[in-house]
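There's a structure below that I have some questions on.
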Amino acid sequence: RHIDIDENPEFPISDVNEFYPQLALKGCQKIMPGLSIYDDALGKDTTVDAGYYSSTSDGRPIVGQHGPSNAFVLGGLSGWGIMSSAACGELLAQTIAGSVPLPA
C-alpha cells in the first residue's frame, strides 16, 4: 500500500506505518532470501533508508577504472542501484579480469 508523505517532509517522518521496516524487509526477501536472518532483529526504533540517490548529469552510471590503475568505480546508478548493481558489478569484474571490455 502507498503511504502519502509530504513533498518536503520533516525528518524523522512520524506518520509512517510502524511496521514499514518489517514490510520492506519482507519485500526485499523476495529477491534476497538470505535477509530472513533479520526477521526477529527489527524493533520499533528501526529505520529504513534506501541510501543516497546519486546520478550523473547525463543519467549514465560511472563504471570503470578511475585514478590509479588498481582503483575502480561503480556508481551513479540513480534509482536503479539494487536492480542494476549486480549486473554492473559482474561487467566490471569481467573487465578487470580482462575478458570483456566496457561498452563505450
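Sequence positions, counted from 1, serve as the residue numbers for this chain.
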Do Leu102 and Val100 share a hydrophobic cluster, counting only Ile, Leu, Val, Met, Phe, Trp and Tyr and linking them when any side-chain heavy atoms are less than 4.5 Å apart? yes

Measuring from His66:NE2 to Leu74:CG, what's the distance to the nearest 0.5 Å?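 Rounded to the nearest 0.5 Å, the NE2-CG separation comes out at 13.5 Å.
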
Would you check if Leu91 and Cys88 make a side-chain contact, meaning some heavy-atom pair closer than 4.5 Å? no

Quick one: do Ile31 and Ile37 end up in the same hydrophobic cluster if we chain Ile, Leu, Val, Met, Phe, Trp and Tyr together by side-chain heavy atoms under 4.5 Å apart?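 Result: yes, single cluster for both.
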
Shortest non-hydrogen contact from Leu25 to Asp39?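 Closest heavy-atom pair between Leu25 and Asp39: CD2-OD1, 3.7 Å.
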
Side-chain heavy atoms under 4.5 angstrom apart, residues restricted to Ile, Leu, Val, Met, Phe, Trp, Tyr: same cluster for Val73 and Leu77?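 Shared cluster, no.
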
Contact check, side chains of Ile96 and Gln65, non-hydrogen atoms, under 4.5 Å: no

To the nearest 0.5 Å, tell me how far Lys26 NZ sits from Leu35 CG.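 Spacing of NZ (Lys26) from CG (Leu35) equals 10.5 Å.
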
